[in-house]
There are 2 protein chains.
Amino acid sequence: MARAIPTNPRKSASQKRSLATVEALLDATARVLTREGYDRASTNRIAATAGVSVGSLYQYFPNKEALVAALVERHNREMLELLRDALKEVASLDLAAAMRGLVRATVDAHLVDSALHRIFAEQVPRMGQLAKIEDLQRETFLLVRAYAEERRSEISVRDLDSATFICVTTVEALTHEFIINKPDALDGDRDRFIDEVTRLLVGYLQPGRA
Amino acid sequence: MARAIPTNPRKSASQKRSLATVEALLDATARVLTREGYDRASTNRIAATAGVSVGSLYQYFPNKEALVAALVERHNREMLELLRDALKEVASLDLAAAMRGLVRATVDAHLVDSALHRIFAEQVPRMGQLAKIEDLQRETFLLVRAYAEERRSEISVRDLDSATFICVTTVEALTHEFIINKPDALDGDRDRFIDEVTRLLVGYLQPGRA
DNA sequence: GGAATTTGCGAGCTATGACTCACATTGTCT
DNA sequence: AGACAATGTGAGTCATAGCTCGCAAATTCC
């Protein structure tokens, strides 16, 4: 199917109309992905949905991969923004309350466009440019790692890197499952979920303060 | 690319040669998947690698999806076997030691064929028959849920379903990241990883016993 | 107003890969 | 040995989807 070995961007040129075209393409990509799934999401279908021709699509994105990658980037940016805000709001609280706030923010982030998020997780191959799907985790790690440094005195785990890795991976995975595959046990009970995860974290970071 | 709307199996007929053919096809599928990735893994390539003709492939598997699904099933079976064994061996230990044993078993399970496991996680779309990739989680939940029931008195979390969900999801995600994306923090330090995860679990299930 | 440039169009070219089918080989049973 | 079934073969068919290219419309500039 693919003939050329893809390369870098193409026209980043963007005046008035073209910006709208790019937006329309990204929005259409999101819609087609969630409605049809990754492999049914052909560039022709996406262009049609955007009300744009295939030719225009390839004027702004060198190939399908780059198009989807751009959407991934936009989505990750939105999610990270929520986390950054939460980190600020939580700065003055005690550790348990802070953790609670961060877990809540993670849940909110996963609700931004959970259908799209699910497609990224379940169907989009993490290869080439699309490997950046996992950048979300890496960037989250960095943000939280810096935060943990500031809170060093309240955390009784020896190695901050390990502790951050464990917390970030855990909260991400639990939240993902909670939002995407709503477990019967906690169905819809968002606050109970947040409580439980917070207990898990605090019990790990501050053992003995049960 | 696909023309027909796939259906059920085909020939399950299996005498002497044919069993070997099926085995060869599954092995070849695993090798091609790990070496080339999911979308480079064409049925022609797989058949060639197996030393078999495409025609034979389609005698035993109605389509590519079914072939990969069969491989997924085999892999999940192997991993679950390790967990089942560990659950038996751990029956008489105290909860903390038991948790440690289960975490270790999870790590071992992820080492069975981690390259293949990575492909399943990162590249194989969870659709149709391939949705069974996630059966591993579901079956693990059931096994652990039953085990938790027996240990009810040692667990101070109110809702066993939630607790099981949290523990299983957490251990799976952490182990997966540890094996697949070896974090710098814990690089290669398997025992330290197991210690840390065990602390996380015990702190949650038995708060106050730090 | 006209020329140059940017943006948009979409039929069609091409590669690829899933799958078929008419035939060949091997194995089994009496 | 002969016959019938089981198993294996691989060139070829067909549908699809990524991508191009020659042209048209809209914008901008002088």
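As the structure is a prediction and not an experimental result, all values here were calculated from the model. Note on naming: letters A, B, ... go to the chains in the order of the sequence lines (proteins, then strands), and numbering restarts at 1 for each one.
- Residue B:Thr43 has its side chain nearest to C:dC19 when only C:dG8, C:dC19, D:dC19 are considered.
- The CG-P distance, from B:Leu25 to C:dA18, rounds to 14 Å in whole Å.
- Shown here is A:Arg158, whose CZ atom has no more than 12 heavy atoms of other residues, nucleotides or ligands within 6.0 Å.
- Rounded to whole Å, atom C1' of C:dT16 lies 12 Å from atom CG of B:Asp39.
- Contacts of B:Ser56 with the nucleic acid, taken as non-hydrogen atoms under 4.0 Å apart, include base atoms.
- Put simply, the side chain of A:Lys64 gets close to the backbone of A:Ala41: a donor and an acceptor are under 3.5 Å apart.
- For the salt bridge (Lys or Arg N to Asp or Glu O under 4.0 Å) condition, the pairs that include at least one residue of residues 127-139 of chain A, sequence neighbours left out, are A:Glu73-A:Lys132, A:Arg126-A:Glu134, A:Asp135-A:Arg138.
- One N or O on the side chain of A:Arg151 and one on the backbone of A:Ala91 form a donor-acceptor pair closer than 3.5 Å.
- Following rounding to the nearest Å, A:Leu67 (CG) and D:dC19 (C1') show an atom-to-atom distance of 13 Å.
- Nearest to the side-chain atoms of A:Ser18 among the listed nucleotides D:dC19, C:dG8, D:dG10 stands C:dG8.
- Nearest nucleotide to the side chain of B:Val54, out of D:dT28, C:dC19, C:dG10: C:dC19.
- Summary of the strand contacts: B:Arg17 and B:Arg40 both lie near DNA chain C, and taking for each the nucleotide with the nearest heavy atom, the more 5' one is attributed to B:Arg40.
- Remark on DNA chain D: of its neighbouring residues B:Thr21 and B:Asn44, the 5'-side contact belongs to B:Thr21, judged by nearest-heavy-atom nucleotide.
- In this structure, the CD1 atom of B:Ile46 is 17 Å from the P atom of D:dG8, given to the nearest Å.
- Closest to the A:Gln59 side chain, of the nucleotides C:dG8, D:dA17, C:dC9, is C:dG8.
- Regarding contacts with the backbone of C:dC21, every side-chain N or O of B:Tyr58 stays at 4.0 angstrom or more from both OP1 and OP2.
- For the OP1/OP2 pair of D:dT9 and a distance below 4.0 Å, the side-chain nitrogens and oxygens of B:Ser53 include at least one atom meeting the criterion.
- Each side-chain hydrogen bond (donor to acceptor under 3.5 Å, both in side chains) pair with one or both residues in residues 31-42 of chain A, not counting sequence neighbours, would appear here, but there are none.
- Considering only side-chain N and O atoms, B:Lys16 lies under 4.0 angstrom from the phosphate OP1 or OP2 of C:dT28.
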